[in-house]
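Notes to accompany the following structure.
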Amino acid sequence: MSLRRLAPPEMQPASFAFTAANAEWAKKMIDKYPAGRQASAVISLLWRGQEQEGWVSHPMIEAIARMLDMPYIRVLEVATFYTMFNLEPVGTFLVQVCTTTPCWLRGSDAVVDACKKHIHLHPQTVSDDGKFSWMEVECLGACVNAPMLQIGSDFYEDLDGPITEKLIADLRAGTQVKPGPQNSRLSSEPEGGATTLKDPSLFDGSVIGQYTAYAPTGGGTTDAEGKKPTQGASDREAPAQKPPGAAT
Amino acid sequence: MATRNLIIDGREIEADETITLLQACEQAGAEIPRFCFHERLSVAGNCRMCLVEWVGAPKPQASCALQVKDIFPNKDGTPAKINTISPYARKAREGVMEFLLINHPLDCPICDQGGECDLQDQAMGYGRAAFHRFNENKRAVEDKYMGPLVKTIMTRCIACTRCVRFATEVAGVPDLGATGRGEDVEITTYLEKAFASELSGNVVDLCPVGALTSKPYAFNARPWELKKTESVDVMDAQGCNIRVDARGPQVMRVLPRLNEEVNEEWISDKTRHACDGLSRQRLDRPYVRVNGKLKSTSWAEAFAAIAARLKQTSPDRMAAIVGDLAAAEEIKALKDLMTALKVKNLDCRQDGAKIGLTANGQKAPRQTYLFNSTIAGVEAADAILLVGANPRWDAPVLNARIRKDWLASGVRVANIGPAVDLTYPVEQLGTDIATLAKIADGSHAFFGVLTDAKRPMIVLGGGAIARNDGAAVLNLAAKIAADTGMIGPAGTHAEGGWNGFNILHTAASRVAALDLGFLPVNGGRDVAGIVDGAQKGEIDFIYLLGADEFDVAHLGRAFVVYQGSHGDAGAHNADVILPGAAYTEKDGLYTNFEGRVQRGRRAVFPPGEAKEDWTILRALSEVLGVKLPYDDRAALVAAIEEDVTHFATLNAAPVHADTASATWGGIGAAGPLDSAPVTHPMTDFYLTNPIARASETMALCSREFVAGGKQMAAE
């Protein structure tokens, strides 16, 4: 994370206004809160403004502050606090590359390199054709398909360098691209297909009510018994000194 | 009041449930280090320096953010044990201090806060000597522009957010904020505009480190070089308690002093920063005008010139006017001198305010020209009607009180006068004085608000009473006061008494002068009459005691004596100049607008041949053959006390006693109202008196905040 400042004045647009539909939506958001608490809508409005314009500009901050009867500085504080708000212009496609540990372990560096090569050497900078910008983000919660990136509201997963390069090239050319895993996986299933729950009878309804058939023999425990703490719960694992050379 | 028992450092105490653990620990005698906590600001709890041990709790507790009511007793019913000096608490604080110092620069030798820095002091207590484990570069933060008064060295900032909370809560000017997050938090004004508050200098006092320091005072002195003198401010009529820090003959800075009843711990920027005007434009020797040119001379010759002139002048052709910064001593001396000379044309109301005199030309009772509710009483008010007053400029610290009242209880404030941002919501009732008449006869909606309020207030500013129809306005206001229950039972507001009739003065000398009767009683001329008389040739001799705020340039052919400290308007037009002392150069009694008498003390000596003002008048009286009967200040003060008994009681506001309706019926005079719109008494907050006008800092502020089109309070 680095210093978050408003973009320099020469990048700033002259003005900002919500579209009619967004303005109506914003009004609904403001109405959700009790009178005098309209400032609570600030994140919603900034987010909708960013969805409209791609980034949060100086006129947008002031327009939203006026809508919510907030001092400008309070809105600036919010906009600079949350890294989800882009304070610089972005390309048509904003490529958010996850570089948190699971993705990094699975090779997000190659994804970043592809972005550097095909978009711009520096993050948060619009590519020469204006179509792309990229940035590193923290975990987007798709670790099982690492490494991944997000464009708009779509995840592109199971990437590597060449796949990312192709993805960028396709988007640039206007070719239709498929969100989700970019290899043969189906959502988060193992590569090469599922390995468990393959018995077709599990899915045809024939085992409904057959649970007892799988129950352990010899009675089993009642619910109350099952909830009793076992001995282990009250025993504390004493960190006993292990003898030298003992296996860990 | 619910209380809870705590054992703090082995001592059991009973603590009020509404206070924080930090305050409870202080009551128990423990000293808790802190950076972000401040009694007058909201609790932030972000510096973590106030950690204490709550025996049994899994972690050290931030005592500033923990309320006593949240501290539950032990399982066996014994009071919770809090340790503030245990090794556990100490280790926790040492850890916090280590974190704070990771990014704090080691520039104490060039830091203006050095010697009075909370971080420096507490690092002495909690820093780990010869122990550091960080070799990384320190964080560096760009400095921000916050206006002509606040210098920023933001690398030193520890992000306690005291300044942000002060700006938002007390000053009511939410210009400051903390942008970014984590290590990248930066305190800044919005897009680095100046911090547009009249109280901005207080953030310098609040800053526990050297991040925000005083720009005019930068690199000027070290705290241990300064001689500190406790005194009283004269920049406005509130009588804020100040400490004057001087080095040798020069006043280096002015700081606030704690006084809950007057200024809490705030002072305005004019109070704080006009002190550089004390060493500029000074009158340091007597002058006499010879052939149209002022020529420096000796005291004896100056007195001789005055005596020669007075010999030719009859008392009804003489006049004396007291300026806004005079202390009671010289007002009394001048009054006695003029009385001895049988002069009746005396006035202290340079702005022409129609107060202090009854309809038949006698001295009016005190409560007709005081701020009777008292400053602390403002916090109890629930409806306020401002007429021709702009408290944000007339008395910025009082305005902070009104804002405090609004934050606490949502007081309703209405304003007859130009619409200004007073930092709290105000119902603007326009600038037509007829609105006041409508409220008085009950046909205006705000009459009902005042009637329904338990403690209503009316505040008359200079814009209401310094009008041609000022007497009629005063009369209407008194009628409103009587009709809406503003004149409540006797006693202080804490005892249940109430008096909501208030005059908001802007001149520090005014109430003392009115008390001492420096007024054109028995048919003397007032200021307008004196100016008129001078122009018509009916007044030949005028004595100005630091009076610069009226039309001094058009006094016709009258012989003008100016006694004062600065070469301002009055001195430019004078025939004899007698160099006097500024408020930091003399002991003096000042009465603030509440009627509270406070003593200012001398911090430095007057420059050159200038003398304390009452001694000048005493010396002059001897030359004129009407020797004043006091040889030292003690005798003079005794004479003042004999004349007006309340001068004997220092530091106490008068207690409202008189509920007789006769007093309130007889204020001012019923009469027709002018059509002129109600204005505010000041056109420029930063340039209201000779000292401020001589100050470079005030000129910078005026340019930044008033003249530069950056609208602040008025206009």
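Letters A, B, ... mirror the listed sequences (proteins, then strands); counts begin at 1. Heavy atoms only: backbone and side chains are in, while hydrogens, waters and symmetry mates are out.
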query = How far apart are the closest heavy atoms of B:Pro396 and B:Ser268, and which atoms are they?
reply =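 Taking every non-hydrogen atom into account, CG-CB, 3.6 Å.
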key: Student check: side-chain heavy atoms of B:Leu101 and B:Leu119 closer than 4.5 Å   =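 Side-chain contact under 4.5 Å: yes.
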Closer than 4.0 angstrom, basic N to acidic O: yes or no for [X] and [Y]?
X: A:Glu24; Y: A:Lys27; result: no
X: B:Lys151; Y: B:Asp143; result: no
X: A:Arg5; Y: B:Glu142; result: yes
X: B:Asp421; Y: B:Arg392; result: yes
X: B:Lys404; Y: B:Glu379; result: yes
X: B:Asp184; Y: A:Arg4; result: no

request  = Applying ring-ring contact (aromatic ring centres under 6.0 Å, His included), run through A:Phe18 and A:Phe16 and close with a yes or a no.
outcome  = CA-CA 7 Å; A:Phe18 276 119; A:Phe16 167 80; 5.0 Å; yes
request  = Answer yes or no for B:Arg403 and B:Tyr424: cation-pi contact, defined as NZ/CZ to six-membered ring centre under 6.0 Å and angle to ring axis within 45°.
outcome  =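 So B:Arg403 doesn't make the cation-pi contact.
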ask   = Are there more than 12 heavy atoms of other residues, nucleotides or ligands under 6.0 Å from atom CZ of B:Phe99?
value =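 It does not: B:Phe99 CZ has 12 such atoms or fewer within range.
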key: A:Tyr33, OH: over 12 other non-hydrogen atoms inside 6.0 angstrom   =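 Count over threshold, so yes.
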query = Hey, which of B:Leu191, B:Thr189, B:Thr188 has the most heavy atom pairs under 4.5 Å with chain A?
reply =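 Between B:Leu191, B:Thr189, B:Thr188, the count favours B:Leu191.
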key: Part of residues 96-111 of chain A lying next to chain B, heavy-atom separation under 4.5 Å   =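 Hits under 4.5 Å: none found.
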inquiry  = Are there residues of residues 37-61 of chain A whose heavy atoms fall under 4.5 Å of chain B's heavy atoms? If so, which?
reply    =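 At a heavy-atom separation under 4.5 Å, chain B is reached by A:His58, A:Ile61.
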What donor-acceptor contacts under 3.5 angstrom involve side-chain atoms of residues 150-160 of chain A, with partners at least two apart or in another chain?
residue  : atom : partner  : partner atom : Å
A:Gln150 : NE2  : A:Gly152 : O            : 3.0
A:Asp158 : OD1  : A:Arg185 : NH1          : 2.8
A:Asp158 : OD2  : A:Asn145 : ND2          : 3.0
A:Asp158 : OD2  : A:Arg185 : NH1          : 3.4
A:Asp160 : OD1  : A:Ile163 : N            : 3.0

query = Using non-hydrogen atoms and a limit below 4.5 Å, what part of residues 152-178 of chain B faces chain A?
reply =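 Interface residues of residues 152-178 of chain B: B:Val164, B:Thr168, B:Pro174, B:Asp175, B:Leu176, B:Gly177, B:Ala178.
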